[in-house]
Amino acid sequence: MQYRYATEADAPAMAALFAANHHDALTPEQRADQGFVQGSLDEGALRAMAAHGGLLLADDDGQLAGLLALSAPESLPAPPPPVRALLAAQDTLRWQGRPLRAVRWLLYGPLVVDAAHRGQGVARRLFTMACGAADGRADALVAFIEAANRPSWRVHVDGFGMTPLGEVVVGERVYHVVAVAPRAKAPGR
């Protein structure tokens with residue numbers, strides 16, 4: 001398995017992986033069992049993110065095993081509603097005693113792993129790669145997890161040790177905001 005930054009040429013495979021694991025493509029049972037991604041990351045958006053070095057991926061001999069977005073919040077030209085809610089809540093969300101607005105942070109996610117590669121450490125390796133990529137650039141990696149996405153909570157909070165900061169609400173959906181210090185989780189630390 002090779003872990004690397006995505007290139008623009010990876011966009012079709014990334015879009016297919018994202019679409020296959022999108023909330024709307026899964027049954028309620030699948031969402032409860034494996035989690036889901038949301039939003040509208042199509043091939044064009046993924047190609048642009050890859051061009052700016054914002055996507056990490058796991059490549060299993062030419063087969064896309066997983067992907068993880070890592071971006072500066074101010075670099076998103078049209079943030080989706082949960083990101084806008086997170087940005088608006090920066091004064092009330094606190095990281096290590098300080099308002100999030102006063103912290104250097106990067107937006108972490110979405111993270112998606114191909115069904116055939118789950119349970120093999122792909123998510124953890126992508127997480128570790130993200131921590132290494134953020135070390136020195138940010139004091140925190142910040143993510144949001146829809147309350148209905150219990151599998152994502154188990155991976156990120158229970159498994160990776162991300163700390164809950166609070167919640168944001170978009171329409172009728174509740175999102176938990178979680179964070180981790182990249183320096184504490186970066187390789188070699």
Side-chain angles (χ1 to χ4, degrees), residues 5-6 18 21-24 31-32 34-41 45-46 48-49 52-56 66-113 123-187 189:
Y5 283 91
F18 192 85
N21 291 279
H22 193 273
H23 177 279
D24 298 342
R31 290 191 299 265
Q34 70 187 35
F36 55 89
V37 293
Q38 54 197 335
S40 57
L41 290 180
L46 291 163
M49 291 172 75
H52 291 97
L55 293 169
L56 313 174
L67 85 104
L68 171 61
L70 187 63
S71 53
E74 65 276 2
S75 72
L76 302 173
V83 175
R84 287 196 308 268
L86 169 58
L87 293 171
Q90 289 183 88
D91 292 323
T92 58
L93 297 169
R94 301 188 74 73
W95 173 247
Q96 298 182 338
R98 298 180 357 214
L100 192 56
R101 187 175 307 282
V103 175
R104 292 181 314 151
W105 61 278
L106 293 174
L107 185 61
Y108 167 101
L111 166 67
V112 60
V113 176
R124 179 161 298 279
R125 289 288 309 271
L126 286 168
F127 171 76
T128 301
M129 184 180 176
C131 289
D135 193 22
R137 292 177 47 206
D139 299 317
L141 295 179
V142 178
F144 57 87
I145 302 169
E146 187 169 348
N149 197 343
R150 295 298 304 156
S152 184
W153 180 274
R154 286 191 297 273
V155 167
H156 292 96
V157 177
D158 300 341
F160 297 165
M162 295 183 96
T163 302
L165 305 182
E167 296 177 347
V168 295
V169 178
V170 178
E172 295 182 12
R173 291 181 164 174
V174 175
Y175 297 87
H176 301 287
V177 179
V178 298
V180 69
R183 66 187 166 278
K185 305 287 183 178
R189 304 262 170 142

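Everything numeric here is computed off the predicted structure, so don't read it as measured data.
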Asker: Of all the heavy-atom pairs spanning Ala181 and Trp95, show the shortest one and how long it is.
Answerer: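 Looks like N-CZ2, 3.5 Å.
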Asker: Considering all heavy atoms of both residues, which atom of Asn149 and which atom of Ile145 are nearest to each other, and what is their separation?
Answerer: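 That closest heavy-atom pairing would be O-CG2, 3.7 Å.
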Asker: Using atom types as modelled, flag every donor-acceptor pair under 3.5 Å from a side chain in residues 157-168 to any protein atom, sequence neighbours excluded.
Answerer:
none

Asker: Give, for atom CZ of Arg31 and atom NE2 of His22, the distance between the pair rounded to the nearest 0.5 Å.
Answerer: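 It is 10.5 Å, given to the nearest 0.5 Å.
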Asker: Quick one: CG on Leu106 to CG on Leu141, what's the gap to the nearest 0.5 Å?
Answerer: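 Reported value, rounded in 0.5 Å steps: 6.0 Å.
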Asker: Which is it for Phe18 and Val37 under the side chain to side chain contact (heavy atoms under 4.5 Å, CB included) test, yes or no, and what are the steps along the way?
Answerer: CA-CA 7 Å; Phe18 192 85; Val37 293; 3.6 Å; yes
Asker: How long is the gap from CG on Leu100 to OG1 on Thr92, to the nearest 0.5 Å?
Answerer: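 Leu100 atom CG to Thr92 atom OG1 measures 9.0 Å (nearest 0.5 Å).
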Asker: State, yes or no, whether a side-chain contact exists between Tyr5 and Met129 at a heavy-atom distance under 4.5 Å.
Answerer: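 Tyr5 vs Met129: side chains touch.
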Asker: Answer yes or no: is there a side-chain heavy-atom contact under 4.5 Å between Leu41 and Met49?
Answerer: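 The answer is yes; the side chains approach within 4.5 Å.
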Asker: Going by heavy atoms in the side chains, are Phe36 and Pro151 under 4.5 Å from each other?
Answerer: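 No; the side chains remain at least 4.5 Å from each other.
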Asker: For residues Pro79 and Val83, report the shortest heavy-atom separation together with the two atoms involved.
Answerer: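 Looks like CB-CG1, 3.7 Å.
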Asker: Roughly how far, to the nearest 0.5 Å, is CG of Leu70 from CG of Leu56?
Answerer: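 It is 6.0 Å, given to the nearest 0.5 Å.
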Asker: Pick one: which of Val142, Val103, Leu86 meets side-chain contact (heavy atoms from CB on, under 4.5 Å) with Leu93?
Answerer: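 With Leu93 as partner, side-chain contact (heavy atoms from CB on, under 4.5 Å) holds for just one option, Leu86.
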Asker: Starting at CG of Asp139, measure out to CD of Gln96 and round the result to the nearest 0.5 Å.
Answerer: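 One finds 7.5 Å between CG of Asp139 and CD of Gln96.
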Asker: Would the His156 and Tyr108 ring centres measure less than 6.0 Å apart?
Answerer: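 Aromatic pair counts; centres sit under 6.0 Å.
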Asker: Anything under 3.5 Å between a donor and an acceptor, one on a side chain of residues 170-177, the other on a protein residue two or more places apart or in another chain? List them.
Answerer:
| unit_1 | atom_1 | unit_2 | atom_2 | d |
| --- | --- | --- | --- | --- |
| Arg173 | NE | Glu146 | OE2 | 3.3 |

Asker: Taking everything shown except Arg125 itself, do over 12 heavy atoms lie less than 6.0 Å from its CZ?
Answerer: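 Counting other residues, nucleotides and ligands, CZ of Arg125 stays at 12 neighbours or fewer.
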Asker: For a quick test of reading the model, state the closest non-hydrogen atom pair linking Gly66 to Leu126 and the distance between them.
Answerer: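 For Gly66 versus Leu126, the nearest heavy atoms are C-CD1, 3.7 Å.
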Asker: In Å and rounded to the nearest 0.5 Å, what is the OG to CD distance from Ser152 to Gln38?
Answerer: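 Rounded to the nearest 0.5 Å, the OG-CD separation comes out at 9.0 Å.
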Asker: Arg104 and Gly136: which non-hydrogen atoms are nearest, and at how many Å?
Answerer: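 For Arg104 and Gly136, the tightest heavy-atom pair comes out as NH1-O, 3.1 Å.
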